[in-house]
Number of protein chains: 2
Amino acid sequence: MTNRSLSEQLRSGNLFAEQCPSREVLKHVTSRWGVLILVALRDGTHRFSDLRRKMGGVSEKMLAQSLQALEYDGFINRVSYPVVPPHVEYSLTPLGEQVSDRVAALADWIEMNLPQVLAQRDVRAA
Amino acid sequence: MTNRSLSEQLRSGNLFAEQCPSREVLKHVTSRWGVLILVALRDGTHRFSDLRRKMGGVSEKMLAQSLQALEYDGFINRVSYPVVPPHVEYSLTPLGEQVSDRVAALADWIEMNLPQVLAQRDVRAA
DNA sequence: CAGCATCCTTTATGATACTG
DNA sequence: CAGTATCATAAAGGATGCTG
């Protein structure tokens, strides 16, 4: 018999291992702007400037950089139309939709439970 | 009639708003070590050094700092026993168990789908 | 053991200017 | 429009030494 649970047996990466590449993927997905990109793209395809307008506070540089990281991991598709002015569309890949489901579940929880969290802070501060 | 979906009506915070405090909560929860702490504590109460040993690569400083942020938000309990040498136990609060569920779902997805992600990278690099 | 304080290095992020 | 390049700053992270 084994001491490892089913989820442990199915696990191909290990976030608790210092050098595991899963940590880099986690970093991309949970990065400040990565989270917002993944959530925003659930509403469908977006252009660069649409995303930028939607996500309060991103600089062009960080948006481009975050998009590239997510594209690199295969979570988003980048389609460029060779017209002038340029037209580029970003969307979730099937793999991206899966992570996005999890990321959005977390993001939604935080948005909906923000009052409870802020209340907790006050309790502890008292 | 309304144009807002149910989830929008129930949303008390908005991560897309630049100054919304939900962004800080998200930062704590999705931070490099915050994620690992929340996942690790699902196995039950841990002492400081237990956590440190479990999480490959954390420094004392970062572990303490990350624990404080999560405690501040009310996600973890810190119980200190006034003995010598010191004995401190960390555990999830009910609120913490809820975020932890979402964080762990994301973490597990990444661990289990790491091969697919790495394969995607190769495809694009080719 | 469980930290905190300090100093130092590395990333992350931002502002600005420029280009196909 | 959709970026890239550069410069500058802030934040994250780490190493070391000290303490109740």
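The sequence lines fix the lettering, A, B, ..., with proteins before strands; numbering per chain opens at 1.
Residue B:Ser59 places its side chain closer to D:dG14 than to any other of C:dT13, D:dG14, C:dA2. The side chain of B:Tyr90 has C:dG3 as its nearest neighbour among D:dT4, D:dG14, C:dG3. Distances from the side chain of A:Ala64 to the nucleotides D:dC1, D:dG3, D:dT6 place D:dG3 closest. Listed candidates were D:dA15, D:dA12, C:dA2. Nearest to the side chain of B:Ser49 is C:dA2. Among the nucleotides D:dC1, C:dG14, D:dG20, the one closest to the side chain of A:Met62 is C:dG14. Comparing D:dG17, D:dG3, D:dA15 by their nearest atom to the side chain of A:Phe48 picks out D:dG3.
As rounded to whole Å, 12 Å separates atom C1' of D:dA2 from atom CG of A:Leu51. A straight line from CG of A:Leu63 to P of D:dT4 spans 11 Å, rounded to a whole angstrom.
At least one donor-acceptor pair closer than 3.5 Å links the side chain of A:Asn14 to the backbone N or O of A:Phe16. Of the possible polar contacts, one joining the B:Arg102 side chain to the B:Gln98 backbone as a donor-acceptor pair under 3.5 Å is found.
A close approach under 4.0 Å does occur between a side-chain nitrogen or oxygen of B:Arg47 and OP1 or OP2 of C:dA2. Phosphate proximity of C:dT10 to B:Arg32: absent, as no side-chain N or O sits under 4.0 Å from OP1 or OP2. Close to D:dG20, at under 4.0 Å from its OP1 or OP2, lies no side-chain N or O of B:Tyr81. Residue A:Lys61 has no polar side-chain atom (N or O) positioned under 4.0 Å from OP1 or OP2 of D:dT6.
Summary of the strand contacts: B:Trp33 and A:His87 both lie near DNA chain D, and taking for each the nucleotide with the nearest heavy atom, the more 5' one is attributed to A:His87. Summary of the strand contacts: B:Gln65 and A:Ser66 both lie near DNA chain C, and taking for each the nucleotide with the nearest heavy atom, the more 5' one is attributed to B:Gln65. Across the interface with DNA chain C, nearest-nucleotide mapping of A:Pro86 and A:Glu60 shows A:Glu60 to be the residue nearer the 5′ end.
Among the protein residues, B:Gln68 comes within range of the sugar-phosphate backbone only, with heavy atoms under 4.0 Å from sugar or phosphate atoms but none that close to a base. Among the atoms of the strands shown, only primed sugar atoms or phosphate atoms (P, OP1, OP2) are found under 4.0 Å from some heavy atom of A:Arg78.
A:Arg23 has no carboxylate O lying under 4.0 Å from a charged side-chain N of B:Glu111, or vice versa, which leaves the two without a salt bridge.
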Exercise for review: Carefully, step by step, assess A:Leu63 and A:Leu51 under the rule side-chain contact (heavy atoms from CB on, under 4.5 Å).
Suggested key: CA-CA 8 Å; A:Leu63 180 55; A:Leu51 280 173; 4.1 Å; yes

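Going from atom NE2 of B:His46 over to atom CZ of B:Arg53 covers 10.0 Å, rounded to the nearest 0.5 Å.
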